[in-house]
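Dropping a structure here in structure tokens format, bear with me for questions.
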Amino acid sequence: KTRDAVKTSSGAPFLRGLVLVAVSALVGAGAMYVSLGNKTTEETILVSMKGDTVTVGDVFNSLKGSNQTQQSVLSATLQKVLEKEYGSKVSKEDVDKAYKQASEQYGDQFSQVLAAYGQTEESYRTQIRTQKLVEYAVNQAAQKDLTEANYKAAYDNYTPNTEVQVVSTTDKAVADKVASEAKAEGADFSKVAKDNSLKVTSKTVNSAFKQDANAVSDVVTVSNSSTGAATYYVVKTVSKSEKNADWKNYKDDLTKVIINGKKADTNFTNSVIAKVLKKYNVKVVDKSFSTILDQYVTGSGASSSSTSSSSK
């Protein structure tokens, strides 16, 4: 039930997590043979029996072809390289704040949500940190796109000082019901929300928001980039202000629009990560993982081909 409630519609989230416990023990921390002792090697014996043993190498070799292991190695690689490049730009306080927001959002169900996606508190905090490192990198790279032409393009789709009412829920069925009932002629948005045990939040939106006054949106789905858990929103536009003819009056807001657009662009994000991989000469040594960097290698110089040795 918990997994159904938090399933995303957009597929696996970025750096989804280390799903298998065995994989987490072997590669989740960024190294193939860790957490079993400082001198752990492929030959380290995990289980002994008459005439045979099970070693760390046996377990790892049996797992490394799985999608979960492939994702774990990719996650560990990105975590390490992004930490090297941007580690000083994200503080523990940044991570703690994001973790607290997520835990408060899901309340008593938070531990179930984490468990449903194979997460622990520690692995989730690691993913938050990695995501924030990516966000910082993308934000810095996007500064070059703050051109007059892009400001004007953003201004064309920009609506200032729009007063809205918002309800949110993690239950898609409830969100669909609220949207349907709130769109009925003469419906009272606040009453519909209350009848469905939801709280209405009023706020001022300064962004690309084209919905007409008094209109009610369809259900808007937003997935948490770390856990993959989905939250469903329904928005009613209460009022809209007149738009000034000079885009410079909204430069701060338009800057956020442009930057957020880049953050939402997967190709742009991948190109930013690719440059970091190239800078640190990241190469995949084991042929079993030869494709994990494919989404980043085009024109980047990062290598997804097997080589005889790795660059440190």
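If you're wondering where the values come from, they're calculated on a predicted model, not measured in any experiment.
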>> Students often mix this up, so state it plainly: with edges at 30° and 60°, are the rings of Tyr151 and Trp247 parallel, tilted or perpendicular?
In response: parallel

>> Please check: side-chain N/O of Asn249 versus main-chain N/O of Asp246, any donor-acceptor pairing under 3.5 Å?
In response: yes

> Passes side chain to side chain donor-acceptor pair (under 3.5 Å), Ser288 versus Asp286? Steps please.
Replying inline: CA-CA 5 Å; Ser288 301; Asp286 191 321; 3.1 Å; yes

> Checking side-chain hydrogen bond (donor to acceptor under 3.5 Å, both in side chains) against Lys177, which of Thr169, Asn196, Asp171, Asp195 comes through?
Replying inline: Asn196

>> Ignoring hydrogens, what is the shortest heavy-atom contact between Gln211 and Lys240? Give both atom names and the distance.
In response: O-NZ, 2.9 Å

> So, Asp212 side chain and Ala215 main chain: donor-acceptor pair closer than 3.5 Å or not?
Replying inline: no

> Is the closest side-chain heavy-atom distance between Arg125 and Asp96 below 4.5 Å?
Replying inline: yes

> For the hydrophobic clusters of this structure (ILVMFWY residues joined by side-chain heavy atoms under 4.5 Å, transitively), does one cluster hold both Val174 and Val234?
Replying inline: yes

> Do the side chains of Leu146 and Ile259 get nearer than 4.5 Å, heavy atoms only?
Replying inline: yes

>> Is it the case that the side chain of Arg129 and the backbone of Val95 share a donor-acceptor pair, with hydrogens and angles ignored and the cut-off at 3.5 Å?
In response: no

> Given side chains that start at C-beta, do those of Asp145 and Phe268 come closer than 4.5 Å, heavy atoms only?
Replying inline: yes

>> Within the supplied structure, the quantity of interest is the number of heavy atoms (other residues, nucleotides, ligands) at a distance under 6.0 Å from Lys144 NZ; does it exceed 12?
In response: yes

> Does one hydrophobic cluster hold both Ile45 and Val59, with members joined at side-chain heavy-atom distances below 4.5 Å?
Replying inline: no

>> Between Glu93 and Lys97 (salt bridge meaning N to carboxylate O under 4.0 Å), is one present in this structure?
In response: no

> Under 3.5 Å, is there a donor-acceptor pair between the side chain of Lys243 and the main chain of Tyr158?
Replying inline: yes

>> Minimum heavy-atom separation for Val216 and Lys183, please, with both atom names.
In response: O-CE, 3.3 Å

>> Is it the case that the side chain of Tyr296 and the backbone of Val276 share a donor-acceptor pair, with hydrogens and angles ignored and the cut-off at 3.5 Å?
In response: no

>> Take a 6.0 Å sphere around NZ of Lys248 and say whether it holds more than 12 heavy atoms from other residues, nucleotides or ligands.
In response: yes

>> Looking at Lys256 and Asp252, is there a salt bridge between them, counting it only when a charged N and a carboxylate O are closer than 4.0 Å?
In response: no

>> With a 4.5 Å cut-off on side-chain heavy atoms, are Leu293 and Leu74 touching?
In response: yes

> Should Tyr280 and Leu277 be regarded as members of a common hydrophobic cluster, given that ILVMFWY residues are connected when their side-chain heavy atoms come within less than 4.5 Å of each other, either directly or indirectly?
Replying inline: yes

>> Rounded to the nearest 0.5 Å, what separates atom CG in Asp58 from atom CD in Glu43?
In response: 9.5 Å

> Is Thr55 close to Glu42 at the side-chain level, that is, under 4.5 Å between some pair of heavy atoms?
Replying inline: no

> After noting the C-alpha distance and the side-chain angles of Lys236 and Val167, does the key distance pass the side-chain contact (heavy atoms from CB on, under 4.5 Å) rule?
Replying inline: CA-CA 9 Å; Lys236 178 180 179 180; Val167 295; over 6 Å; no

> Which value, rounded to the nearest 0.5 Å, describes the distance between Lys287 atom NZ and Ser290 atom OG?
Replying inline: 9.0 Å

> Would you find a donor on one side and an acceptor on the other, under 3.5 Å apart, between the side chain of Gln70 and the backbone of Lys64?
Replying inline: yes

> Is there a donor-acceptor contact under 3.5 Å from the side chain of Thr126 to the main chain of Glu122?
Replying inline: yes

> With hydrophobic residues grouped by side-chain heavy-atom distances under 4.5 Å, do Val164 and Tyr233 end up in a single group?
Replying inline: yes

> Which heavy atom in Ser217 sits nearest to a heavy atom in Ala179, and how many Å separate them?
Replying inline: O-CB, 4.1 Å

>> Once side-chain hydrogen bond (donor to acceptor under 3.5 Å, both in side chains) is applied, do any residues pair with Asp94, and if so which ones, sequence neighbours excluded?
In response: Ser91

> Should the pair Asp156-Lys152 be classified as a salt bridge under the 4.0 Å nitrogen-to-oxygen rule?
Replying inline: no

> Are Ile258 and Thr255 close enough that some pair of their side-chain heavy atoms sits under 4.5 Å apart?
Replying inline: no

> If Ile, Leu, Val, Met, Phe, Trp and Tyr residues are connected whenever their side-chain heavy atoms lie under 4.5 Å apart, and connections chain through other members, are Val200 and Val192 in the same group?
Replying inline: yes

> OG/Ser88 to OH/Tyr136 distance, rounded to the nearest 0.5 angstrom?
Replying inline: 7.5 Å

>> Rounded to the nearest 0.5 Å, what separates atom CD in Glu85 from atom CG in Leu133?
In response: 10.5 Å

> Do you know the tightest heavy-atom contact between Ala229 and Tyr106?
Replying inline: CB-OH, 3.0 Å

> Just by distance, do the side chain of Thr69 and the backbone of Leu63 share a donor-acceptor pair under 3.5 Å?
Replying inline: yes

> Do Lys89 and Gln140 have side-chain heavy atoms sitting under 4.5 Å apart?
Replying inline: no

> Under 6.0 Å from the CG atom of Asn67, do we count more than 12 heavy atoms belonging to anything else shown?
Replying inline: no

> Which heavy-atom pair separates Ala182 from Phe189 by the least distance, and what is that distance?
Replying inline: CB-CD1, 3.7 Å

>> Test side-chain contact (heavy atoms from CB on, under 4.5 Å) on Val56 and Leu46; report intermediate values, then the result.
In response: CA-CA 6 Å; Val56 168; Leu46 302 176; 3.8 Å; yes

> How many angstroms lie between CD in Glu135 and OG1 in Thr269, if you round to the nearest 0.5 Å?
Replying inline: 9.5 Å

> How long is the span from the CD atom in Gln295 to the CD1 atom in Ile273, to the nearest 0.5 Å?
Replying inline: 7.5 Å

> Any donor-acceptor pair under 3.5 Å linking the side chain of Thr291 with the backbone of Asp294?
Replying inline: no

>> Suppose we screen for ring-ring contact (aromatic ring centres under 6.0 Å, His included). Which residues come up paired with Tyr155, at least two apart in sequence or across chains?
In response: none

> At their closest point, which heavy atom of Leu198 faces which heavy atom of Ser168, and how far apart are they?
Replying inline: CD2-O, 3.8 Å

